[in-house]
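Accompanying notes for the structure given below.
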Amino acid sequence: MTTEARRNPVGSEKRPDGTPACETGDLIIIHNLFRRLYAEAPQLVRAVPDGSAERTRVVADHVDDLSRALHIHHTGEDEVLWDRLEQRAPACAMHVGQMREQHARIAELLDRLDGEVAAWRGGATAAHGERVAGTLDEIRGSLFSHLGQEEEDIAPVAAVTLTQAEWDLMGEHGMARIPKDKLLMQLGAILDGLDPEERKHFLKNVPAPARLLWALLGRRRYAQAKRELYADLTPA
């Protein structure tokens with residue numbers, strides 16, 4: 001996928017008044033991040049040795065961070081997108097209703113996952129880990145279907161219905177709710193999924209202080225954290 005396609009998957013779409021559509025490609029970037037991480041998460045959990053409390057902690061922390069990120073992303077859409085789309089694009093109301101239902105189902109699975117991860121931390125057994133991995137498999141199945149439908153049915157309508165400022169509220173919502181000590185790690189995970197041209201374009205939209213912090217500290221810390229997280233999946 002090209003950088004331009006990522007920035008605005010609706011391409012040359014225009015609003016009814018002829019003005020350019022929103023750039024909604026950041027949604028594709030975040031969706032692809034969740035696709036990658038939720039595909040890997042069950043493997044990470046199942047690779048943890050039975051009884052290894054330290055490895056359980058490392059992977060459980062990652063699963064908790066991933067769950068928090070998905071919850072923040074979905075609540076941002078709940079607060080910014082659905083009411084506006086229903087009011088301004090009534091023909092999209094059926095799809096919005098499906099999005100709400102899918103968010104609710106995924107929220108139920110995330111709640112279950114929270115309890116299972118807590119139990120896994122306490123017991124550090126393979127049996128506890130398998131329950132975590134099984135729920136991650138369920139989340140992945142529901143999530144991947146949801147993401148594809150949202151890209152197909154929601155993003156093109158939002159691009160010609162919302163203003164750019166309204167669309168950008170979702171990103172602002174996420175930035176305000178991600179713990180400050182997690183921001184550089186999340187930036188690293190996003191950049192990890194982009195090719196060099198896309199990475200360069202993405203970083204242009206990151207505030208200058210954050211770009212400097214990433215260059216001085218974040219890149220190295222993210223690489224170290226990634227090596228630690230994926231240690232069990234790395235061939236000897």
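Scope of the values below: all heavy atoms of this structure, side chains included, with no hydrogens, waters or symmetry mates.
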Report task. Could you check Lys200 against Glu197 for salt bridge (Lys or Arg N to Asp or Glu O under 4.0 Å), going step by step and ending with a plain yes or no? Result -> CA-CA 5 Å; Lys200 182 178 179 181; Glu197 182 186 357; over 6 Å; no
Query raised in the report: So Glu40 and Arg35, salt bridge (Lys or Arg N to Asp or Glu O under 4.0 Å) or not? Walk me through it.
Result: CA-CA 9 Å; Glu40 296 168 346; Arg35 287 183 174 105; over 6 Å; no
Report task. Using the side-chain contact (heavy atoms from CB on, under 4.5 Å) rule, take Thr56 and His128 through it: C-alpha gap first, then chi angles, then the decisive distance, then the call. Result -> CA-CA 10 Å; Thr56 296; His128 282 112; over 6 Å; no
Query raised in the report: Checking side-chain contact (heavy atoms from CB on, under 4.5 Å) for the pair Leu187/Phe202: CA distance, chi angles, key distance, verdict?
Result: CA-CA 10 Å; Leu187 176 59; Phe202 188 89; 3.8 Å; yes
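Within the 4.5 Å cutoff, no side-chain heavy atoms of Leu194 are placed close to those of His201. You'll find the side chain of Glu77 reaches within 4.5 Å of the side chain of Glu150, heavy atoms only. Side-chain contact between Leu85 and Leu162: present, with at least one pair of heavy atoms (C-beta onward) separated by less than 4.5 Å. In this structure, His146 and His74 have side chains that are in contact, with non-hydrogen atoms separated by less than 4.5 Å. Side-chain contact between Glu23 and Asp26 is absent, with no heavy-atom pair separated by less than 4.5 Å. At a threshold of 4.5 Å between non-hydrogen side-chain atoms, the residues Met99 and Asp153 do not count as touching. Looking at Arg105 and Gln102, their side chains never come closer than 4.5 Å, going by heavy atoms from C-beta outward.
With Arg55 contributing its side chain and Val45 its backbone, the two residues share no donor-acceptor pair below 3.5 Å. Gln43 contributes a side-chain N or O that, together with a main-chain N or O of Ala39, makes up a donor-acceptor pair within less than 3.5 Å. Side-chain atoms of Thr161 come within 3.5 Å of backbone atoms of Val157 as a donor-acceptor pair (strictly under, hydrogens ignored). At distances below 3.5 Å, not a single donor-acceptor pair connects side-chain atoms of Glu151 with backbone N or O atoms of Ile28. Without hydrogens or angle criteria, Ser142 side chain to Ile139 main chain gives no donor-acceptor distance under 3.5 Å. Using modelled atom types, one side-chain atom of Arg84 and one backbone atom of Val80 make a donor-acceptor pair closer than 3.5 Å.
Heavy-atom minimum distance, Asp83 versus Arg100: OD1-NH2, 3.0 Å. The minimum heavy-atom distance between Leu229 and Leu44, with the atom names listed, is O-CD2, 3.5 Å. Between Gly218 and Met185, the closest heavy-atom pair is O-CE, 4.2 Å. Contact between Ile154 and Cys92 at its shortest, heavy atoms only, is CD1-SG, 3.8 Å. Nearest approach of Ala69 to Gln186, heavy atoms of both residues: CB-OE1, 4.1 Å. Minimum interatomic distance between Pro179 and Arg68 (heavy atoms only, all atoms of both residues): CD-CD, 3.9 Å.
Distance CG/Asn205 to CZ/Arg211: 9.0 Å, rounded to 0.5 Å. Between atom CZ of residue Phe34 and atom CG of residue Leu70 there is a gap of 5.0 Å, rounded to the nearest 0.5 Å. For the atom pair CZ (Arg221) and CG (Leu184), the distance works out to 7.5 Å, reported to the nearest 0.5 Å. With rounding to the nearest 0.5 Å, the separation of OG1 in Thr125 from CD in Glu130 is 10.5 Å. Rounded to the nearest 0.5 angstrom, Leu37 CG and His62 NE2 are separated by 5.5 Å. To the nearest 0.5 Å, the span separating OG1 on Thr163 from CG on Leu169 amounts to 7.5 Å.
Note on Ile72: it does not cluster hydrophobically with Ile30, by side-chain heavy-atom contacts below 4.5 Å among ILVMFWY residues. In terms of hydrophobic clustering, with Ile, Leu, Val, Met, Phe, Trp and Tyr side chains grouped at heavy-atom distances under 4.5 Å, Leu113 and Phe144 are assigned to a common cluster. Following chains of ILVMFWY side-chain contacts shorter than 4.5 Å, one can reach Leu110 starting from Val63, so the two form part of one hydrophobic cluster. Taken together through direct or relayed side-chain contacts under 4.5 Å among Ile, Leu, Val, Met, Phe, Trp and Tyr, Met94 and Trp82 form parts of separate hydrophobic clusters. Side-chain heavy atoms closer than 4.5 Å link hydrophobic residues (I, L, V, M, F, W, Y) into clusters, and following such links, even through other members, never connects Leu203 to Met175.
Counting heavy atoms of neighbouring residues, nucleotides and ligands inside a 6.0 Å radius, atom CD of Gln149 exceeds 12 of them.
With sequence neighbours left out, Arg199 forms a salt bridge (charged side-chain N to carboxylate O under 4.0 Å, His left out) with no residue at all.
Ring centroid separation for the pair His73 and His173 does not come in under the 6.0 Å cut-off.
Between Trp214 and Tyr222, the two ring planes are tilted [angle within 30° to 60°].
Screening residues 113-122 for side-chain hydrogen bond (donor to acceptor under 3.5 Å, both in side chains), with sequence neighbours left out, gives Asp61-Arg121, Asp64-Arg121, Glu116-Thr135.
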